[in-house]
Number of protein chains: 2
Amino acid sequence: MLIILDEETLLKAVGDRNVVKKQNATIYDVANRVGVSLATVSRVVNGNKNVRDSTKEKVLKAIDELGYQPNAVARGLASKKSTTIGIVMPDVTNLYYAELTRGINDVANMYHYDVLLTNTDDDPVRDVLAINSLESKQVDGIIFMGNELDQGVRKTIDALNIPVVLAGCVDAQQKLPSVNIDYIDAFYEITASLLRHGHENVALVMGSLDEAINRDYRLAGYTKALNEVGRQVDEKLLFTTGRDYQKTLELAPKVVASGATAMIVYDDVVAVALLNYLHDHHFDLPGQMELVTSNDTNYSIISRPQLTSIAQPKYDIGAVAMRMLTKLMNNEDLKEQAVKLPHTIVQRQTTHELN
Amino acid sequence: MLIILDEETLLKAVGDRNVVKKQNATIYDVANRVGVSLATVSRVVNGNKNVRDSTKEKVLKAIDELGYQPNAVARGLASKKSTTIGIVMPDVTNLYYAELTRGINDVANMYHYDVLLTNTDDDPVRDVLAINSLESKQVDGIIFMGNELDQGVRKTIDALNIPVVLAGCVDAQQKLPSVNIDYIDAFYEITASLLRHGHENVALVMGSLDEAINRDYRLAGYTKALNEVGRQVDEKLLFTTGRDYQKTLELAPKVVASGATAMIVYDDVVAVALLNYLHDHHFDLPGQMELVTSNDTNYSIISRPQLTSIAQPKYDIGAVAMRMLTKLMNNEDLKEQAVKLPHTIVQRQTTHELN
DNA sequence: GCAGTTACTGCAAACGCTTACAATATTTTT
DNA sequence: AAAAATATTGTAAGCGTTTGCAGTAACTGC
């Protein structure tokens, strides 16, 4: 025997603890209520103009009364679009990436996309896993950030049916659309400026030289400035370290020992560690040591003395990358593949007057 | 006439620019290749044991050869599960929330959930929109963070069929599962300690008193300590401000003018602003002013002098919240609804020896 | 070697929506 | 007022899975 309980009875039977929440209405319920077909409801939901105004109103009314919300999953399956994009990034707790993310998020929202976020700690294996997972979730696009575009990652991306834009991430092969500042230029400028100030030994502190962004961009700009005044790169003035406060603290004495009187640092966390080491060892900045950092996050304002920095429009890099992605998802063409946003040098207290 | 092109011809026809990437294989392709039914393939994919080993192997082989990856969207529709959770938070660029997020993310990943991230800037309207959007995307659970659980937000959550856990967010009504430190206790302790040091005027700098977390927790702990030594709260020593560096800089002189000789601050960004104001006005810390902050982010280590802080296990709060959510999504019971993780007071340079 | 179990496997109906295409209304034209 | 054109609506076939049920194959024990 089949027993059918009405909702009220059911509620009583189940008791208070397990209140049966109202089942979400489906498009079918709406259609029934109004006495039209699914297709019509679907049309008004999707803003298709081929619906008589009077019908549209009735449908809208029913939608409101039923509290109907289209099921995005079903929609995704039927339309092959998820209105979701994926972000693959090293680490949200890094302010630099967090600000890029914020830019991406805001623009994504503006275009009604949701954002799936994955932290991969710059591990290529996890990058690939993340991308695959995003693919299976049928995201409409992906924004990739990170120090380096690993071979495996590139292969994975190439095999993808989904548009990808790099943000704050350099593509040595110039194939993928990307948004960055002109790193070569930025590092060239600041190096040249410090050289003009008469520094003999300008140290460069960056990430691993295995990464294109360090080798082919930061170091390249630095080298260019040196060469221009007829000098060679002195390897003793080159330092590499991850974005880690403690580890950098250990690196600091070596940098000091190198005899550098100025240093250019690729990341604020690293720069602050260096700064604090110097501060704690009673160095005079900028008197004994000039210091320029590179990402201009809050850290450079908060530290004392405040850090002179290459300022990247972080939020904008994210925002522009996302904007480009919307175009790609829309099958529009991109005017530029490798967008370079303008950077500035913000003069604060760890350098003398720059020029 | 129907013309069927093989892939090669098609590739030529379409030209290089628009290379047709290999269509993703479906479960159907796998089944065909092996000569079994969809159901069987589905079973092996889902680890159902009712499959003969030999069959399983054949299927696995085909999956590998075809590079088959189950379509998560279709899966979601059929199974009503998305293996995705949502995070609703104020702002990723705030280090406090970023670290919570990282904790959530890591645990989510461990359980093979993906994470949909929304920034709402603590705006209740956007909170509600975000939650609705997540619901339509059929997330299996939601983690909510923020200063305050607005009425409207609560109503939305109550109407949800999806489990929600609060992280670093207090529920005045104690209904929703949450993870926090014991704010009352923490603020009580630190206030008591400063009072023992002989301070007459201890300022409290927090967020809006409209928010339960400030009114019923931070202020409550502070009040309790005062009352315990037979004193009343002096409203002139109470300050409220958002987590904003610049705005706090404007607040700073007022705090100084209040005659406070010690202050307790609810957020690191705010604390650093205050600290820098004092530093820039040649105050001696902790000599003329003792300062305790509350979130123990990188800022408190990076600033000079380093900030004494109430230390929250931020990453763990996120991680535990996510762990609780997995249980709820699994219909398991929670041992505790309102989890309180232990906090500590980290003594640094802006206070004298604490006790 | 046969009934009774148990282990596998397949069938087919969902899941909630989009979207060609077909069908019907309505308006316009002549 | 009929034909033609256009606007509106409905039908039904997917989208790629999961899963209850039923059927078949493979073992058990006697």
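The analysis underlying the following values was restricted to heavy atoms, covering all of them including side chains, and did not include hydrogens, waters or symmetry mates. Here is the naming used below: chain letters follow the sequence lines, and residue numbers restart at 1 for every chain. Given the structure is predicted, the values throughout are model-derived calculations rather than measurements.
Using a 4.0 Å heavy-atom cutoff across all strands shown, A:Thr26 reaches sugar-phosphate atoms only and no base atom. B:Gln69 comes within 4.0 angstrom of the backbone, heavy atoms only, and of no base.
Salt bridge B:Lys61/B:Glu57: absent, no basic N to carboxylate O contact under 4.0 Å. Using a 4.0 Å cut-off between a side-chain N of Lys or Arg and a carboxylate O of Asp or Glu, B:Asp106 and B:Arg102 qualify as a salt bridge.
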Readout for nucleotides 4-15 of chain D: B = base within 4.0 Å of protein heavy atom, S = sugar-phosphate only, - = neither; 5' to 3' it is ----SBBB--BB
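Taking atom OH of B:Tyr28 as the reference point, atom C1' of D:dT18 lies 17 Å away to the nearest angstrom. Taking atom CG of B:Asn48 as the reference point, atom P of D:dT18 lies 11 Å away to the nearest angstrom. Here the P atom of nucleotide C:dG16 and the NZ atom of B:Lys137 are 18 Å apart, to the nearest Å. Distance A:Arg75 CZ to C:dG16 C1': 11 Å, rounded to the nearest Å. For B:Asn46 and D:dT17, the CG to C1' distance is 9 Å, given to the nearest whole Å.
Panel note: side chain A:Asn71, backbone A:Val73; a donor-acceptor pair is recorded below 3.5 Å. Side chain of B:Thr120 to main chain of B:Met89: a donor-acceptor pair is present (N/O by atom type, distance under 3.5 Å, no hydrogens or angles). A donor-acceptor pair is defined here as one N or O able to donate and one able to accept, closer than 3.5 Å; no such pair exists between the side chain of B:Asp91 and the backbone of B:Asp121.
Within the model, atoms NZ of B:Lys56 and CD1 of B:Ile63 stand 10.5 Å from one another, a figure rounded to the nearest 0.5 Å.
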